[in-house]
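To find a chain, count down the sequence lines: A is the first, B the second, and so on, and within it residues start at 1. Worth saying up front: this structure is predicted, and the values here are computed from it rather than measured.
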Protein chains: 2
Amino acid sequence: MLRISKLTDYGTLILVHLASVAPNKPCPASEIAAGTGLALPTVQKVLKKLARGKLVVSSRGADGGYRLAREPDAIDAAEILDVLEGPLAITECSHDDSHCELESNCQVGGAWQKISRAIRAAMTEIRLSDLRNPPTEFPLRYTILSESGHLGRTDK
Amino acid sequence: MLRISKLTDYGTLILVHLASVAPNKPCPASEIAAGTGLALPTVQKVLKKLARGKLVVSSRGADGGYRLAREPDAIDAAEILDVLEGPLAITECSHDDSHCELESNCQVGGAWQKISRAIRAAMTEIRLSDLRNPPTEFPLRYTILSESGHLGRTDK
DNA sequence: AACAATAGGACTATTTTAGTCCAATATATG
DNA sequence: CATATATTGGACTAAAATAGTCCTATTGTT
Ligand code: FES
Ligand code: FES
C-alpha cells in the first residue's frame with residue numbers, strides 16, 4: 001500500500017540506531033553497520049542521503065561520524081520519507097509535466113494526489129521515537145471531511 | 001508518499017468512467033479508450049487485471065464489454081490498490097522470506113508495515129464514488145492510538 | 001459464416017532500485 | 001607533520017520492476 005524502498009527501511013533502522021546511542025558522540029558508519037547488521041557500503045550510502053536531508057549531521061575525520069540532527073521526537077516519518085524516497089509525486093497523472101492532456105475530460109482530478117497529501121499529513125504525526133519499538137499495532141482511526149460536503153463520515 | 005503506478009492511475013480513470021455510464025450496458029474497451037483518452041492496448045491490459053480482481057465483470061462476444069461488478073460506493077480504494085498494485089508488502093524488512101536475519105537486534109519491528117496496514121484500513125473508507133470528482137482536498141484527520149500507551153495523541 | 005469482443009500471455013524497451021567501489025577532502029592525534 | 005580515521009561525491013554495474021505493444025485463441029451475437 002504505502003510502498004517504501006529498501007533503502008528507506010535501512011534508513012529507518014539507522015536512524016533508530018542513532019537514536020539509541022549517546023546523542024552527542026558521533027557514531028561512525030562502520031559502527032552503525034555493525035550495530036544494525038547492514039552492509040557497510042549501503043549504510044554509507046544511506047547516511048549520505050540522510051546528511052543531505054539534514055536529518056543527521058556529520059563530523060569528518062578521526063573520531064567523526066554521524067549523529068541525529070534533532071531529538072528523536074522532533075523528527076517525523078514524513079520527513080524521513082521525503083529525504084529517502086525523494087519528493088515523489090504519487091502519480092504524474094499519466095503525463096510528464098504539470099499539465100495533463102486528459103485533464104479536460106478527466107473526472108478523477110488528482111484524487112490520488114489528494115489522498116497522498118492527506119496521508120503525508122498523517123505521517124507528520126508519527127515521530128522517530130514512535131518508530132523505535134513500535135506498538136503492536138498502529139490503529140489509525142481517520143476521518144475524511146470534505147469541504148464540498150460529499151465526504152463526511154466521522155468514522156466507519 | 002503513497003506511490004501508485006501509472007497503471008493504477010489508469011485503472012482509476014477507467015473505473016470512474018465505468019461508473020459514469022449506463023450500469024448494465026457492457027462497455028467495450030475501445031469505448032473506454034476513447035472516453036478516457038488512453039491508448040487502447042493499455043486499457044485492455046488494465047481491464048484484464050480489473051476483471052481478474054473481480055472489480056469489473058466482462059461479457060465476451062459482440063455487444064460485450066465490461067461493467068462494474070458492484071455499485072461505485074461498494075468499491076473502496078484499498079481494493080483497487082490490491083488488485084492493481086498487487087499484494088505488495090511495504091518492505092520485506094531487508095530480507096526475502098518471512099524471517100529476518102536482523103530481527104534479533106532490530107528495534108524497529110516492522111513499524112512501516114504496521115503503518116501501512118493502518119493506511120490500508122483508512123483506504124477502505126474511500127470509495128470509488130468518492131474518487132469521481134473528488135473534493136478539493138481530502139483533509140484526513142487521524143489519530144494514532146497505542147495499546148502500549150506510548151502513542152496517545154488525539155490530534156495534532 | 002462473419003464479426004465483435006474478451007482472455008491470456010509473450011515480448012521488448014525503459015526506468016528504477018540496489019549495491020559496490022573509488023578518489024578527494026577533512027579532522028584528530030602523537 | 002605524518003598518519004590514521006571518516007565523510008563526500010559521484011561513477012558504475014547488475015538486477016528488478018514498469019510500461020507499453022502485439023499476437024493468438026476463445027466466446028458470443030447476428
Ligand atoms: S488523468 Fe490527468 S487530470 Fe486526470
Ligand atoms: S529489519 Fe527485519 S525485523 Fe527489523
Peer 1: Looking at dT18(D), I'd like to know if its phosphate oxygens (OP1 or OP2) sit under 4.0 Å from a side-chain N or O belonging to R3(A).
Peer 2: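 Yes, within the criterion.
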
Peer 1: Taking CG from L84(A) and P from dG19(C), how many angstroms apart are they, rounded to a whole number?
Peer 2: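 To the nearest whole Å, that distance equals 14 Å.
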
Peer 1: Separation of Y10(B) atom OH from dG20(D) atom C1', in whole Å?
Peer 2: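 The distance from OH of Y10(B) to C1' of dG20(D) comes to 9 Å, rounded to the nearest Å.
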
Peer 1: Rounded to whole angstrom units, what separation is found between the NZ atom of K6(A) and the C1' atom of dA14(D)?
Peer 2: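 That distance rounds to 13 Å.
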
Peer 1: Shorter than 3.5 Å, N or O on both sides, protein versus nucleotides 6-10 of chain C: list them out with atom names.
Peer 2:
{"residue": "dT6(C)", "atom": "OP1", "partner": "A29(B)", "partner atom": "N", "Å": "2.8"}
{"residue": "dT6(C)", "atom": "O3'", "partner": "S58(B)", "partner atom": "OG", "Å": "3.3"}
{"residue": "dA7(C)", "atom": "OP1", "partner": "S58(B)", "partner atom": "OG", "Å": "2.5"}
{"residue": "dA7(C)", "atom": "OP2", "partner": "Y66(B)", "partner atom": "OH", "Å": "2.7"}
{"residue": "dA7(C)", "atom": "O4'", "partner": "R60(B)", "partner atom": "NH1", "Å": "3.3"}
{"residue": "dG8(C)", "atom": "N7", "partner": "K48(B)", "partner atom": "NZ", "Å": "2.7"}
{"residue": "dG8(C)", "atom": "O6", "partner": "K48(B)", "partner atom": "NZ", "Å": "3.0"}
{"residue": "dG9(C)", "atom": "O6", "partner": "K48(B)", "partner atom": "NZ", "Å": "3.4"}

Peer 1: Sort out for me which residue in N24(A), L55(A), L128(A), V57(A) forms a side chain to side chain contact (heavy atoms under 4.5 Å, CB included) with L68(A).
Peer 2: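 The side chain to side chain contact (heavy atoms under 4.5 Å, CB included) with L68(A) is passed solely by L128(A) among N24(A), L55(A), L128(A), V57(A).
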
Peer 1: Quick one: salt bridge (charged side-chain N to carboxylate O under 4.0 Å, His left out) pairs with a partner in residues 42-65 of chain B, sequence neighbours left out?
Peer 2: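 Found none.
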
Peer 1: Is a donor on one side and an acceptor on the other found under 3.5 Å between the side chain of R3(A) and the backbone of R3(B)?
Peer 2: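 A pair under 3.5 Å: yes.
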
Peer 1: Would you sort out whether V83(A) and T8(A) count as a side-chain contact (heavy atoms from CB on, under 4.5 Å), showing the intermediate values?
Peer 2: CA-CA 9 Å; V83(A) 167; T8(A) 301; over 6 Å; no

Peer 1: Round to the nearest Å and state the distance from L40(A) atom CG to dT8(D) atom P.
Peer 2: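 Result: 14 Å.
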
Peer 1: How close or far is atom P of dT18(D) from atom CD1 of I4(B), stated in whole angstroms?
Peer 2: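 In whole Å, dT18(D) P lies 12 Å from I4(B) CD1.
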
Peer 1: Measuring to OP1 and OP2 of dA19(D), would you say a side-chain N or O of S5(B) lies under 4.0 angstrom away?
Peer 2: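 Indeed, a polar side-chain atom of S5(B) lies that close.
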
Peer 1: Is E85(A) reaching over with its side chain to a backbone N or O of S5(A), donor-acceptor style, under 3.5 angstrom?
Peer 2: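 Yes, E85(A) side chain to S5(A) backbone: donor-acceptor pair under 3.5 Å.
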
Peer 1: Starting from the 5' end of DNA chain D, give me the residue, A62(B) or D63(A), whose nearest nucleotide shows up first.
Peer 2: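 It is D63(A) whose nearest nucleotide is closer to the 5' end.
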
Peer 1: Between E79(A) and R127(A), is there a salt bridge with N-O shorter than 4.0 Å?
Peer 2: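 No salt bridge links R127(A) with E79(A).
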
